[in-house]
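Reviewing the structure listed below.
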Amino acid sequence: MMREDVNVGRQFNNARREAMQFHPPFSAIVIGAGIVGASTAYFLAKRGVAVQLIDASAPASEATGAADGAVSVASKRPGPMMAAALSGVRLYATLAKEGVFAGAFKHRSTFIVAASDEECAVLEAHSAALATVGVRVDTLSAANLHQRFPVLSLKARLGVEVHDDGHAIGYQIVHRLLTAAQITVDRNTKVDGLAIAKGGRSVTGVSTRRGTIEADAVVIAAGTGSAEFLNAAGVLTPRKGQLLVTERAPRLNAAMPGAIMSGRYLLSKGTQKMANSTPARGLGLVIDPLVTGQFLIGGTREEFGDRQSNDIDAVSRILAEAVALVPGLASLRLLRSFSGLRTAVVDGLPLVGRMPGFDNAYIATGFEGDGICLGPVTGKSIVQLICGEAPEVDLTPFDPSRFERSGEKL
Amino acid sequence: MIDPEVIVIGGGPAGIAAAIEVAGCGYAVEVVEQRDSLGGAIHRQPIKGVAPISQASGPKARWRALSDDFASARIPVRYRSIFLGVDADGLVLFENRLACSVERLQAKAVIVATGAVEKVLPRPGWHMAKVSTAGGLQVMMKETGRAPKGRVLLAGNGPLLIAVTAQMARLGNPPVAIVEAGDPLGRTGAGFSMLGHMSLVREAFGYLRTIYLRGIPWMRASQLTAIERDDTSLIAVVRRANGREQRIPVDRIGLHDGIRPNDFALPNEKATSVAGPVILRAGDCRESLGAFAAEADGRRAGRAVAEILSGGHERADLGCVKIERARRAQEVLSTLFAPVGGACPISSLPADTILCRCEGKTVGDLRSLCERADRLTGREIKHNGRFAMGLCQGRFCAANTAALMAEIWPQAPAPVAEDLTGRRWPIRPVSIAALTGARATSTEHE
Amino acid sequence: MTSRAFGWMGQCIPFRDGETVASALETAGVYTLGADALGQETRYFCGIGACQCCLVRIDGVVREACITPARSEMTVETMEVRRD
């Protein structure tokens with residue numbers, strides 16, 4: 001594990017730094033105080049970089065504040081996102097051990113359960129795929145499943161326990177990061193644009209209604225709001241999700257050895273990856289027992305992103321599926337419903353890397369539903385990139401210039 | 001069953017008046033009421049065989065007239081139905097407690113008349129058993145015709161305390177004392193202004209006469225600073241006007257620091273039926289001015305809805321005079337009852353004083369959360385401190401939390417309760433069994 | 001009128017027609033209605049269903065005692081009771 005130390009950063013790879021004009025900046029601006037921006041600011045601050053974190057409203061006010069909080073590889077397929085998620089989960093464990101995330105990261109298994117032939121088939125294939133990349137999985141027959149997870153409905157026919165997963169609440173993680181690094185956020189500050197240096201190859205800062213703020217580097221982590229800096233209509237798309245929280249039920253909560261993910265989640269997520277066949281509203285059920293004794297139940301994936309509100313149709317469908325898998329939930333009350341807009345990229349991979357055309361502007365957004373899992377490790381990786389180090393996560397597949405190449409001008 | 005065109009939420013004076021008005025304009029209207037009788041908290045009906053609690057003659061007559069009108073308008077009422085909100089598709093949602101189901105209605109307009117809630121300022125020990133709101137004790141009295149038993153102390157601020165005192169006295173168990181932060185008898189200027197509102201004066205004289213004749217101590221300019229408990233009693237720690245501390249053993253305490261609109265998480269008003277129903281508020285949940293103004297405001301909202309639905313525009317001047325008069329009366333009352341020496345700052349309370357009862361969060365918890373260079377928003381305070389995140393959804397802590405935030409950060413724009421509570425449905429916790437049509441099991445386990 | 005009563009934690013709580021669960025319990029001298037999920041004692045407080053402090057389990061379903069009319073066939077329990 002690399003030491004995040006000012007000197008290490010400065011002394012690292014002199015030759016490469018000169019060639020690529022890498023300098024650990026003295027100052028940096030991060031636009032967007034969601035989990036990605038807060039993580040980036042945290043890792044910059046830890047290296048002694050003077051960070052200004054700017055948000056159009058307040059920390060964790062968009063997708064991060066309305067996320068399901070899965071820190072999980074359970075639904076991933078082998079590939080770059082899986083690799084990133086594995087690093088992401090490891091970083092959570094490390095930061096929990098170091099204290100920054102202590103008590104805010106719940107280590108737990110994810111149980112993917114299948115109730116139909118179709119789900120069983122998908123789940124078996126998925127479990128095998130997880131095993132090939134070294135994820136610890138146990139396949140549980142109906143009998144074993146009900147022994148391990150007695151509150152589960154008998155409708156569950158097959159289960160796969162994905163070990164070493166976890167859960168964290170997005171807004172709590174942001175708060176921990178900001179508090180630990182003593183970062184003050186410029187709230188209610190909308191960035192109108194990047195201030196571009198003469199020659200157009202680098203930025204000098206950002207312009208806001210309070211004037212121009214200068215810095216040596218700028219990182220855009222503004223979720224859906226990033227689009228206006230990219231001049232790339234159609235690359236980012238909002239995808240709405242609705243989520244629910246119940247009242248506390250300590251005993252039922254304690255009887256759940258992990259989160260439940262419906263096998264249908266894989267189906268719903270799978271179809272999302274296929275172009276032109278995306279359903280307008282997918283429903284992938286996840287039931288997460290929270291440390292408070294409450295349950296977080298989600299969620300929808302909706303193509304329209306214009307309404308940050310909840311509808312009774314979605315809410316009752318989510319709950320009906322939840323009760324079908326865990327009948328005990330029927331005796332609880334729904335306390336809160338909420339929704340948010342995930343920022344999705346058309347090809348299903350996030351945008352993380354240098355902004356095409358600029359030496360010192362970076363972008364990190366488009367994690368769709370994986371921001372909580374990938375936010376901290378992305379922040380760490382992009383800071384490594386900024387400082388001329390090899391990023392912890394291979395960012396090549398996420399390079400924003402891929403759209404430039406395919407003709408979609410960024 | 002055909003969905004009604006207009007739904008009125010709440011069967012108190014505002015809701016009933018609004019429904020009568022809407023029905024009179026020819027629209028099909030229904031009232032949704034959480035209890036099994038109409039009247040709201042102000043005209044809570046006694047149970048069978050119990051005589052109604054004594055009430056000033058004016059309000060009593062007005063309610064009788066209003067409920068007669070309502071009865072003759074034959075407006076359907078959905079009793080034991082709890083309003084949950086209006087969803088993204090504009091459906092009006094409520095939990096039917098009798099049928100154990102959640103019902104959704106497609107209406108052209110909704111008039112929300114959910115009344116007021118009492119303000120209760122935090123004090124050490126306020127969260128303990130046998131401590132209720134004074135209004136809570138009053139509601140029970142109205143319903144059962146019985147005063148709360150044992151030695152009862154009423155404390156806080158405002159005219160409701162003397163009203164409850166008089167009612168308890170007439171039911172045979174007057175409180176041992178009233179602890180009042182204001183000193184209405186010491187404010188002669190405001191007292192003279194009261195003469196402009198003779199019905200209030202008559203009502204107040206009635207209460208004060210009872211209090212005087214029974215010799216009930218009305219401790220003015222005094223504060224209930226803490227509630228403690230020993231083996232058998234609660235101990236009310238009272239700081240008197242002269243600074244002396246007095247410890248009064250009691251069995252029951254009723255707290256009350258005024259009232260405020262019960263507008264928590266309510267959908268915003270909306271004066272058009274494009275993309276979802278017209279939504280208007282009426283009565284105390286719009287502005288807490290009491291039953292008389294609530295009735296007038298209900299009529300205003302009812303006419304406004306009829307006006308909008310018939311293609312016209314909401315007229316702002318409807319019913320203004322009575323409401324303006326009630327507003328002035330409330331201003332006089334609040335001057336008269338203004339706490340002596342100003343309101344006690346929440347930041348001066350001991351750190352372990354419960355601020356958010358549902359989540360068990362204290363004054364000290366909020367103070368330490370705020371110990372940082374930048375100012376957190378209400379939503380951040382909610383998320384990271386769990387204030388207003390519990391079952392009451394902020395009804396009893398959001399305003400106090402916002403007030404303490406304002407004390408901690410005096411330079412910042414003062415946060416309000418809504419910054420913490422937001423506006424999401426369900427506005428009350430709702431049974432998942434009712435939402436899904438599932439049967440609630442009697443245990444958490446299968 | 002002994003038939004008008006509901007069960008509360010092994011006790012028989014008489015009530016009058018139309019009375020709420022909360023006021024019947026108060027009349028019977030029951031002031032602490034158990035404990036909530038955080039272990040704090042629950043009690044009658046606001047009387048209008050707003051504060052959620054008087055939650056009890058009525059025939060297994062969580063209800064506000066202050067707005068729920070009492071019925072003879074009811075079983076009312078503290079929140080923490082589970083029959084499992």
Side-chain angles (χ1 to χ4, degrees), chain B residues 34-37 40-41 44-50 80 82 97 100 114-118 120 127-133 135-141 143-144 146 148-149 251-252 255 262 264 354 357-360 390-393 395-396 428-429 431 433-434 440-446, chain C residues 1 4 14-55 57-71 74-84:
Chain B
Q34 72 170 358
R35 307 284 301 233
D36 51 9
S37 64
R44 170 74 69 244
Q45 297 306 297
I47 61 175
K48 219 183 274 174
V50 169
R80 298 209 52 208
I82 313 250
R97 290 283 176 91
C100 288
T114 47
V117 286
E118 292 176 273
V120 178
H127 55 282
M128 294 191 296
K130 299 190 176 183
V131 180
S132 300
T133 68
L137 296 179
Q138 188 189 36
V139 158
M140 214 180 244
M141 256 193 309
E143 208 170 71
T144 62
R146 293 172 180 158
K149 286 188 284 193
D251 301 303
R252 202 97 174 68
L255 299 175
N262 181 17
F264 297 93
I354 295 284
R357 187 260 167 207
C358 298
E359 293 288 313
L391 294 178
C392 88
Q393 293 162 317
R395 284 175 175 81
F396 285 87
R428 294 262 290 270
S431 154
T441 53
S442 57
T443 70
E444 275 190 10
H445 291 225
E446 261 278 81
Chain C
M1 290 300 281
R4 310 293 291 167
F15 66 90
R16 293 177 289 168
D17 208 9
E19 200 171 10
T20 63
V21 170
S23 74
L25 286 168
E26 169 121 2
T27 305
V30 178
Y31 294 98
T32 305
L33 307 179
D36 64 16
L38 287 174
Q40 310 177 106
E41 62 187 2
T42 52
R43 50 44 158 143
Y44 177 81
F45 189 66
C46 76
I48 56 170
C51 74
Q52 302 285 305
C53 290
C54 66
L55 293 178
R57 216 169 273 277
I58 299 179
D59 298 328
V61 180
V62 175
R63 290 283 191 240
E64 303 90 345
C66 74
I67 57 167
T68 307
R71 285 196 329 268
M74 271 178 176
T75 303
V76 184
E77 295 164 302
T78 61
M79 285 280 285
E80 67 269 33
V81 163
R82 303 284 189 278
R83 280 166 282 159
D84 51 14

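Since this is a predicted model, take the numbers as computed values, not measurements. Reminder, nothing fancy here: chain letters follow the sequence lines and each chain counts from 1.
Only the side chain of Leu55(C) comes within contact range of chain B, with heavy atoms under 4.5 Å apart. In this structure, chain B has heavy atoms under 4.5 Å from both the backbone and the side chain of Ala22(C). Contact of Ala434(B) with chain C is not made at all, since no heavy-atom distance falls under 4.5 Å.
Contacts with chain C were tallied for Gln393(B), Arg428(B), Glu359(B); Arg428(B) has the most, counting heavy-atom pairs under 4.5 Å. Listed options Pro46(B), Ala41(B), Pro429(B) were ranked by heavy-atom pairs under 4.5 angstrom with chain C; first place goes to Pro429(B). The candidate with the highest count of non-hydrogen atom pairs below 4.5 Å against chain C, out of Glu118(B), Lys48(B), Arg146(B), Met128(B), is Arg146(B).
The distance from atom CD of Gln34(B) to atom SG of Cys66(C), rounded to the nearest 0.5 Å, is 7.5 Å. Here the straight-line distance linking atom CZ of Arg395(B) with atom CD1 of Ile48(C) works out to 8.5 Å at 0.5 Å rounding. Taking CG of Asp36(C) as the start and CG of Leu391(B) as the end, the distance is 7.5 Å to the nearest 0.5 Å. With values rounded to the nearest 0.5 angstrom, Thr133(B) atom OG1 is found 6.5 Å from Tyr44(C) atom OH. The CZ atom of Arg357(B) sits 8.5 Å away from the CG atom of Leu38(C) when rounded to the nearest 0.5 Å. Rounding to the nearest 0.5 angstrom, the gap separating the OG atom in Ser23(C) from the CD atom in Glu143(B) is 5.5 Å.
The backbone N or O of Ile47(B) sits nowhere less than 3.5 Å from a side-chain atom of Glu19(C) that would complete a donor-acceptor pair.
The minimum heavy-atom distance linking Cys392(B) with Cys51(C) is given by the pair CB-O, 3.4 Å. Between Arg44(B) and Gly47(C), the shortest heavy-atom distance links the atoms NH2-O, 4.4 Å.
Side-chain contact between Thr27(C) and Thr144(B) is absent, with no heavy-atom pair separated by less than 4.5 Å. At a threshold of 4.5 Å between non-hydrogen side-chain atoms, the residues Thr32(C) and Lys130(B) do not count as touching. With contacts defined as side-chain heavy-atom distances shorter than 4.5 Å, the pair Cys53(C)/His127(B) does not qualify. The side-chain heavy atoms of Thr20(C) and Arg35(B), taken from C-beta on, include a pair separated by under 4.5 Å. Residues Cys46(C) and Phe396(B) meet the side-chain proximity criterion, which asks for heavy atoms closer than 4.5 Å.
Legend: residues meeting side chain to side chain donor-acceptor pair (under 3.5 Å) with Glu64(C), ordered by chain and number and at least two apart, are Arg97(B), Gln52(C). For Arg43(C), the side chain to side chain donor-acceptor pair (under 3.5 Å) criterion is met by no residue, not counting sequence neighbours.
Under 4.0 Å is where a charged nitrogen must lie from a carboxylate oxygen, and between Arg252(B) and Glu26(C) at least one such pair does.
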